[in-house]
Every structure is written in C-alpha cells, then in structure tokens.
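Notes follow the structure.
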Amino acid sequence: MVMGAGAIGSLFGGYLAKAGNDVVLVGREKHVNAIQKKGLTVRDGVEYVVKVKAVTSADQVETPLDLILLTVKAYDTRQAILEIHELIGDKTTLLCLQNGLGIEEIASDIIKNPLRGVTCNGSMLLKNGSITHTGRGDTIIGKRDGIITQKMKMIADTFTKAGLNTRITENIQGVVWTKTLVNSGINPFGALTRMKNGELVQVPSLKELMVRTVREGINVAEKIGITLEEDPVSLTIKTAEKTANNRNSMLQDIMRNKRTEIDFINGAISEHGRRSRVPTPINDVLTGLIRTIENKSYKK
Ligand SMILES: NC(=O)c1ccc[n+]([C@@H]2O[C@H](COP(=O)([O-])OP(=O)(O)OC[C@H]3O[C@@H](n4cnc5c(N)ncnc54)[C@H](OP(=O)(O)O)[C@@H]3O)[C@@H](O)[C@H]2O)c1
C-alpha cells in the first residue's frame, strides 16, 4: 500500500504494480478518481498506463499488508501514520520515503521499528491520474539501529526488479542527512529567487551562499556524530548541475501556494544547531524567509 499517492508515491506504486505486485494507492479524491477511471498514466520516455487499485482512505484497504510506503509530505507524517496505525500488523513494514530530518522520530513515536528510505528518483504530477518520471536515481533503505533484515533484502529486491534500483545501508542517518544538506543548499535558494537549479550555480555570489549553507549543516552533523555519505558540498553543486532544468520542490510548492518542507530541511538543521551549540546563521535566515513567504501564500 502507498499512503499519500502524489508524485513520488504514484511513481513507486505504478512501477510496483506494473511489475505484478499487488498495490493499492491511497490518495486524494481527484487523482484517485482519475486512476479508477483510466488507470495511472506514467510518462517515462514513453507513456504507458498501469492498472492499479486506488482509494481515498486507508479504511478501504484490506489487511494484512506486507509493506506500507509512506509518501506524504514530511509535515503530514504524523497524521498519516495515525490514519494507518490500525492497518499495521505484526508482519507489516512501514517505509518512510520522505525528504528531511526527524521523520523516523515522528514515526517511532507511534509505531515500532519503522524503516527509513531516501530516493533519488524524481516524479511530478502532470495532472490527476498522470505522472512523469523526471529523474532516475537509487533508492536507499535502512534502519536507525543499522540492522539489516531479511525483509529489507526482500523489499530492495522487489523494488529493483520493478525498475527502481534499491540498496540497503547500515548508515541510513548519514544518507538522510547527506540528502537533506543537499536540499538545504538548493531548495530555499530556488524558492526565494524562482530560479531553476542550474541557474543558481551560475551566479557566483549565490553559489558561495549555497556552499556556506551546506557547510553549516556539515558542522552540525559532525558535532552530533553523523557520518555523512559523500561530501555534501560537491554533491550539492553536482546535483544542481545535473538537474539544471528543474524547478525544485520548494519552489514548486511556493508557486502553488502550498506549504513547504522548510521545517524539516533548513529549519531542522537550525534546530539541531541550536541544541548542539553550532551556529547556523544562514540556515536560520533562509528558514525565516521561507516561513514568511509561506505564511503569506499557502492556504492549507
Ligand atoms: N516528487 C519527487 O520527485 C520526490 C523525490 C524524492 C523525495 N520526495 C519526497 O517525498 C515526499 C512526497 O513528495 P511528493 O512530491 O510526492 O508530494 P505530493 O505530490 O504532494 O504527494 C503527497 C500526496 O499525499 C497526499 N496526502 C497527504 N496526506 C494524506 C492522507 N492522510 N491521505 C491520503 N493522501 C494524503 C497529498 O494530498 P494534499 O496535497 O491534498 O495534502 C498529496 O497528494 C516529500 O517528502 C518529498 O520531499 C519527492
């Protein structure tokens, strides 16, 4: 089951269903209605339609469930887990695939042993019932305690066989932090300037600020003992260049008057910095600016 079938949830659900897995998407009414009528349209080089079950509420899903993929925005995590709580049996694994820090803490408050994942795939909702696979990349899954289970191997294998290359890590915290630092150095800058990712790194003064933002996050991560996976600074520049034509998700949220994930990205880095006494002045300012724009615009 996919809880929160928007862009990324529909991509995973669509790929898994196409590969013959029994999938049900839980999403919002208009998207679900379109999928029920015509199937899920996936644009991925070519365009094809996948027949997949879709419902508007977790109450309509039959149990037992092997796997629940949580793909709501970070700020909807708690509410979504409360809605699916009853569906989680002894053999059900919850895999949280959102971006940002603090997701597994929220999940662990409510259920035992959630699995955390990070995906470098990109997806966009084109219209209700229709998504486009905007970028390919690995998905990495792991547990906070570093233990690797048979079930995790099965999940990685199922995803990979479905076309979503997936590997397991013993250092999921490091993977989550590394991706969050990259997001911290790209997303708010795109959202504030309305520039595409590739344009940001063309402006030397902006590029310098992006690097300083990521370095603040590295200082925090090091202070609290996180082992980062790669050098987040070069990864940030590389990612912005590789996704040069993309408007990042925070910019898209601002343009659609939606809430952003700032509190789970730069806001969370600032909060960790405050608690561990590492200064994060640029992250603090970025968080304040994005919250200001959000408060003016989003109507959730
Ligand atoms: N899209 C990507 O390329 C991508 C890549 C990597 C990671 N991610 C991460 O994945 C997460 C999801 O991103 P996304 O782009 O897929 O967001 P999205 O398109 O907004 O999808 C989330 C969907 O879940 C729905 N939802 C929220 N609460 C629900 C509930 N209780 N029941 C049913 N549906 C519910 C939302 O509806 P409403 O909008 O009406 O609330 C929305 O349709 C984010 O953390 C994002 O950072 C995304």
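As the structure lists them, so they are numbered: ligands from 1, and atoms in each ligand from 1. If you're wondering where the values come from, they're calculated on a predicted model, not measured in any experiment.
Of the options G6, G135, G137, A74, the smallest heavy-atom separation from atom 23 (C) of ligand 1 is shown by G6. One option in M3, K73, R28, Q79 has a heavy atom closer to atom 28 (N) of ligand 1 than any other, and that option is R28.
For the residue pair D44 and Y15, a side-chain donor N or O sits within less than 3.5 Å of a side-chain acceptor on the partner. Side-chain contact, T56 with E29: no donor N or O sits under 3.5 Å from an acceptor N or O. In summary, the side chains of D284 and S270 do present a donor paired with an acceptor at a separation below 3.5 Å, with no hydrogens or angles considered. Judged purely by distance below 3.5 Å, without hydrogens or angles, the side chains of S276 and K223 never pair a donor atom with an acceptor atom.
Note: an N/O pair closer than 3.5 Å links E83 and ligand 1 by distance alone. For a threshold of 3.5 Å applied to N or O pairs, the pair formed by T56 and ligand 1 contains no separation below that value. Looking at E261 next to ligand 1, an N or O pair under 3.5 Å apart turns up. Inclusion of I8 in the set of residues having an N or O under 3.5 Å from an N or O of ligand 1 is warranted. Geometrically, ligand 1 and K179 share no nitrogen or oxygen pair separated by less than 3.5 Å.
Residues R291 and T260 have side chains not in contact (no heavy-atom distance under 4.5 Å, counting atoms from C-beta outward). At a threshold of 4.5 Å between non-hydrogen side-chain atoms, the residues N283 and S184 count as touching.
Look at K258 and you'll find a heavy atom under 4.0 Å from some atom of ligand 1. Residue contact check for ligand 1: K30 places no non-hydrogen atom closer than 4.0 Å to it. Within the structure, the closest approach of S123 to ligand 1 falls below 4.0 Å when heavy atoms are considered. Ligand 1 lies within reach of N121, whose nearest heavy atom is under 4.0 Å from it.
Between the side chain of E230 and the backbone N or O of T178, no donor-acceptor pair lies under 3.5 Å.
Less than 4.0 angstrom separates some heavy atom of G122 from each of these atoms of ligand 1: 3 (O). Of all atoms in ligand 1, numbered sequentially from 1 with element shown, those under 4.0 Å from a heavy atom of T119 are 6 (C). Heavy-atom proximity to Q98, at under 4.0 Å, picks out these atoms of ligand 1: 45 (O).
Note on L235: it clusters hydrophobically with L206, by side-chain heavy-atom contacts below 4.5 Å among ILVMFWY residues. I262 and V72 end up in different hydrophobic clusters when Ile, Leu, Val, Met, Phe, Trp and Tyr side chains are linked at under 4.5 Å.
For T71, every heavy-atom contact with ligand 1 shorter than 4.0 Å involves the backbone, none the side chain.
The NZ atom of K91 sits 9.5 Å away from the CG atom of D66 when rounded to the nearest 0.5 Å.
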